[in-house]
Amino acid sequence: MPELPEVETVRRGLVPLLEGRVLERVEVLDERLVRPIAPRDAEQLLTGRRVLRLDRRGKYLLLVLDDDLVAVHHLRMTGSFAGPAAEEPRHVRLRYFVEGLAGPVRYNDPRRFGTLDIGSSAEITAYLDSRLGPEPLGPDWNGDALYERLRRRSTSLKAVLLDQRVVAGLGNIYVDEACFLAGVRPDLSADRVSRVGAERLVAAVRARLQEAIDVGGSTLRDYRGVEGEVGGMQERFVAYGRAGRPCLTCGNTMRGARIAGRGTTWCATCQPTNRARKLG
DNA sequence: CGCCCTGTTGGGGA
DNA sequence: ATCCCCAACAGGGC
């Protein structure tokens, strides 16, 4: 379930478990998890290394290890971590046996879309920089930056916001949420979003991501945090998953359609154009 | 019970 | 540049 706020929630949950500690043993249970390295080689590479710190870049989770080594997890659709105190998940793909902990930290992933890349800090930096644009909550991203990107694209606004090279960390949920908050239709051609619209979108993305981080992310279905906790964001969605239900602002029925290949929800009344939205 | 559809992501091919 | 399909599994509707 990991978009940026969920990955950030996982990162924070892992800090007390991993940061500063030595990986005494690592078990890779899924042959295809670590790419393009053989599972046994990955285990050997990681064993005995100390976790200096946990970082996040977009939706990627970084274990910065000693000896200039970085392990990068991407949770894709269904990856999650379970701490020693959490119940044993049904689809454990990797176990970190960590110095001083009662049990292993387990990586779980039913669909097996998640990935783990291991490399030097220079290799990982190059890998991430080639795929990711600025951090949405960082200083490098603003209305002008987004506007300049949008005006050169003929596809939908939604497709552009989902492009990780434009801004790193947005997924299907928060794009719909931000478009609703900004009052801009997600199916609008990107090059028709105004400068003001771009400004509003940046503010909406920031507000929505920060709110989700503050309440511990959204936990869809039976996903839980590292210690089994439930995030509070799922009950705060104003657009995502609300197709066919009344708009929380105006009461009209929310539209649902397939945009950029993804299920998309918006309110035709509150998101009519890229112009300022009337407040209710 | 089976079949069909959907899905929080990203990569590759057309 | 853009779009479609795929990876592999769970859950819901019929």
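Chain naming here is simple, since letters A, B, ... match the order of the sequence lines and numbering starts at 1 in each. Since the structure is predicted, the reported quantities are computational estimates derived from the model, not experimental observations. Side chains are part of it too, since the values below use all heavy atoms of this structure and drop only hydrogens, waters and symmetry mates.
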Run the side-chain donor-acceptor check on residues 38-46 of chain A: report pairs under 3.5 Å with partners two or more places apart or on a different chain.
from: A:R40; atom 1: NH1; to: A:E43; atom 2: OE2; distance (Å): 3.2
from: A:E43; atom 1: OE2; to: A:V28; atom 2: N; distance (Å): 2.7

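Residue A:R93 is classed as having no contact, given no heavy-atom separation below 4.0 Å to the nucleic acid. Contacts of A:G263 with the nucleic acid, taken as non-hydrogen atoms under 4.0 Å apart, involve only primed sugar atoms and P, OP1 or OP2.
Qualifying salt bridge (Lys or Arg N to Asp or Glu O under 4.0 Å) partners for A:D67, counting only residues two or more places apart in sequence or in other chains: A:R49. Residues that satisfy the side chain to side chain donor-acceptor pair (under 3.5 Å) test with A:D30, not counting sequence neighbours, are absent from this structure.
Remark: A:R153, A:S154, A:T155 in residues 143-155 of chain A come within less than 4.0 Å of DNA chain C through at least one heavy atom.
Counting side-chain heavy-atom gaps under 4.5 Å among Ile, Leu, Val, Met, Phe, Trp and Tyr, the cluster of A:V70 also holds A:Y60, A:L62, A:V72, A:I124, A:Y127, A:L128, A:L132. Connectivity analysis of hydrophobic side chains (ILVMFWY, heavy atoms under 4.5 Å, direct or indirect) links A:V22 to nothing; its cluster partners are none. A:W266 belongs to a hydrophobic cluster whose remaining members, ordered by chain and number, are A:I259; membership requires side-chain heavy atoms of ILVMFWY residues under 4.5 Å apart, directly or through intermediates.
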Would you tabulate the pairs of protein nitrogen or oxygen atoms and nucleotide nitrogen or oxygen atoms of nucleotides 2-4 of chain B closer than 3.5 angstrom?
none

Between the protein and nucleotides 10-12 of chain B, list every N/O to N/O distance that falls short of 3.5 Å.
from: B:dG10; atom 1: OP1; to: A:H74; atom 2: NE2; distance (Å): 2.9
from: B:dG10; atom 1: OP2; to: A:K59; atom 2: NZ; distance (Å): 3.1
from: B:dG10; atom 1: O4'; to: A:R76; atom 2: NE; distance (Å): 3.4
from: B:dG10; atom 1: O4'; to: A:R76; atom 2: NH1; distance (Å): 3.3
from: B:dG11; atom 1: OP1; to: A:R131; atom 2: NE; distance (Å): 2.9

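Applying the side-chain hydrogen bond (donor to acceptor under 3.5 Å, both in side chains) test to every pair with at least one member in residues 14-25 of chain A, sequence neighbours left out, gives these pairs: A:R25-A:E27. Residue pairs meeting the ring-ring contact (aromatic ring centres under 6.0 Å, His included) criterion with at least one member in residues 128-173 of chain A, sequence neighbours excluded, do not occur.
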Reading 5' to 3' and counting Watson-Crick or G-U wobble pairs with both distances under 3.5 Å, write the dot-bracket notation for DNA chain B, | for bases paired outside the strand.
.||||||.||||||
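Across all non-hydrogen atoms, the minimal contact from A:T265 to A:G241 is OG1-N, 4.1 Å.
Judged by distance alone, the side chain of A:N108 and the main-chain N or O of A:V92 form a donor-acceptor pair under 3.5 Å.
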